[in-house]
There are 2 protein chains.
Amino acid sequence: MSIRSPQGAAPVFAALGDPTRLQVVDRLSSGGPSSIAVLTTGCGVSRQAVAKHLRVLAEAGLVRGWRRGRESVWELETRQLAEARQYLDAVSGQWEAALGRLKAFVEQ
Amino acid sequence: MSIRSPQGAAPVFAALGDPTRLQVVDRLSSGGPSSIAVLTTGCGVSRQAVAKHLRVLAEAGLVRGWRRGRESVWELETRQLAEARQYLDAVSGQWEAALGRLKAFVEQ
DNA sequence: TCAATGTGCAACCATTCGGTTGCATGTATG
DNA sequence: CATACATGCAACCGAATGGTTGCACATTGA
């Protein structure tokens, strides 16, 4: 699923808006697919907390997981990440354009 | 102030992670500097709610406000927006690199 | 087989969050 | 000056959030 309305991007940003979750994203991006147990080591919170965070990230479409034996492996899903980036681009762009119009209006 | 550590970006994303706040950012980016009263019209929440959201956005460095007569005017601050975008780029980039290494390892 | 490992589920808890209402204050404007 | 307008401050409220603990269940491996 992709971001349709401006406010549609909110859940993605909300998912990224927690330090622990951002740390998980970071470790997934640098370390590749990892199990919950691995992600928990040196994370500072319990395994269940990490599992919850992964659920939140998954619901925002930022991460995808599957089962391998007794462990559940998770990997990064970059599509929503790219869409969030695109949204920030759009906002910045509109703002620059608005500044340009204001400048033109003042200088006329 | 700029984003230093990965988790340092969390407050910025958290600020963007609310639909109402994202709507405010949107209107500021397309409509230029606006007063609280103006931002409130057609927003769906009370004026005080909008004021609170602007405070949150300001604390995240996404918005800047000043007083003009009896109204307080707010405008978008694009620096943090750009940094957030940069952070998303970095995460995606690291992930692509990790995928590349994995591919090389599998194919060797 | 049996113990260790990795998860999932559920209950619980304190804090934060988004929102409201009420009231006081400052500023234009007739 | 009196009124309308725009905001700030503070208290309050229900719901969501981030976290924990305890226990049950599946899988691995000696």
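Hydrogens, waters and symmetry mates are skipped; everything else that's a heavy atom, side chains included, is used. None of these values were measured; they are calculated from a predicted model. Order of the sequence lines fixes the chain letters, A, B, ..., with proteins taken first and strands second; residue numbering starts at 1 for each chain.
Between the base of D:dT7 and the side chain of B:Arg70 there is no donor-acceptor pair shorter than 3.5 Å. With hydrogens and angles ignored, no donor-acceptor pair closer than 3.5 Å exists between the side chain of B:Gln48 and the base of C:dG18.
Across the protein-nucleic acid pair, A:Arg55 atom CZ and D:dG18 atom C1' stand 15 Å apart, rounded to whole Å. Atom-to-atom, CD1 of B:Ile36 to P of D:dC5 comes out at 17 Å; the value is rounded to the nearest Å. Per the geometry, CH2 belonging to B:Trp66 stands 14 Å off P belonging to D:dG8, to the nearest Å. Residue B:Leu39 contributes atom CG, which lies 12 Å from atom P of D:dG8 at whole-angstrom precision. Here C:dG19 presents its P atom at 12 Å from CG of B:Leu54, a figure rounded to the nearest Å. A straight line from CH2 of B:Trp74 to C1' of D:dG8 spans 11 Å, rounded to a whole angstrom.
Listed pair A:Ser35 / C:dT7 meets the phosphate criterion, a side-chain N or O lying under 4.0 Å from OP1 or OP2. Considering only side-chain N and O atoms, B:His53 lies nowhere under 4.0 angstrom from the phosphate OP1 or OP2 of C:dC17. The phosphate of C:dG6 has neither OP1 nor OP2 within less than 4.0 Å of any side-chain N or O from A:Arg67. Phosphate contact (OP1/OP2 of D:dG19, side-chain N/O of A:Thr20, threshold under 4.0 Å): present. For A:Ser46, no side-chain nitrogen or oxygen approaches OP1 or OP2 of D:dT21 to under 4.0 Å.
Considering all non-hydrogen atoms of both residues, B:Thr40 and B:Val45 come closest at CG2-O, 3.6 Å. Closest non-hydrogen pair, B:Leu22 versus B:Leu16, comes out as CD1-O, 3.5 Å. In terms of heavy-atom proximity, B:Thr20 sits nearest to B:His53 at CG2-CD2, 3.6 Å. Taking all atoms of both residues into account, the shortest heavy-atom contact from B:Thr78 to A:Trp95 is CG2-CD1, 3.0 Å. For the pair A:Val91 and B:Leu76, the tightest heavy-atom approach, listed with the atom from each and the gap, is CG1-CD2, 3.8 Å.
Look at A:Glu83 and A:Arg79 and you find no salt bridge, because none of the NZ, NE, NH1 or NH2 atoms lies under 4.0 Å from a carboxylate O.
Among the nucleotides C:dT7, D:dG18, C:dG18, the one closest to the side chain of B:Lys52 is C:dG18. The A:Val45 side chain lies nearest to D:dG19 when the options are C:dT7, D:dA6, D:dG19. Closest contact between the side chain of B:Ala49 and the listed nucleotides C:dT20, C:dG26, C:dT7 involves C:dT20. For B:Arg47, the side-chain atoms get nearest to D:dG8 when compared with the rest of D:dG8, D:dG18, C:dG6. The side chain of A:Glu71 sits closest to C:dT7 out of C:dG8, C:dT7, D:dT7. For B:Ala37, the listed nucleotide lying nearest its side chain is D:dA6; candidates were D:dA6, C:dG18, D:dG8.
Taking for each of A:Val56 and A:Gly69 the nucleotide of DNA chain D with the nearest heavy atom, the 5'-most of the two is the partner of A:Val56.
Using a 4.0 Å heavy-atom cutoff across all strands shown, B:Arg68 reaches no nucleic acid atom at all.
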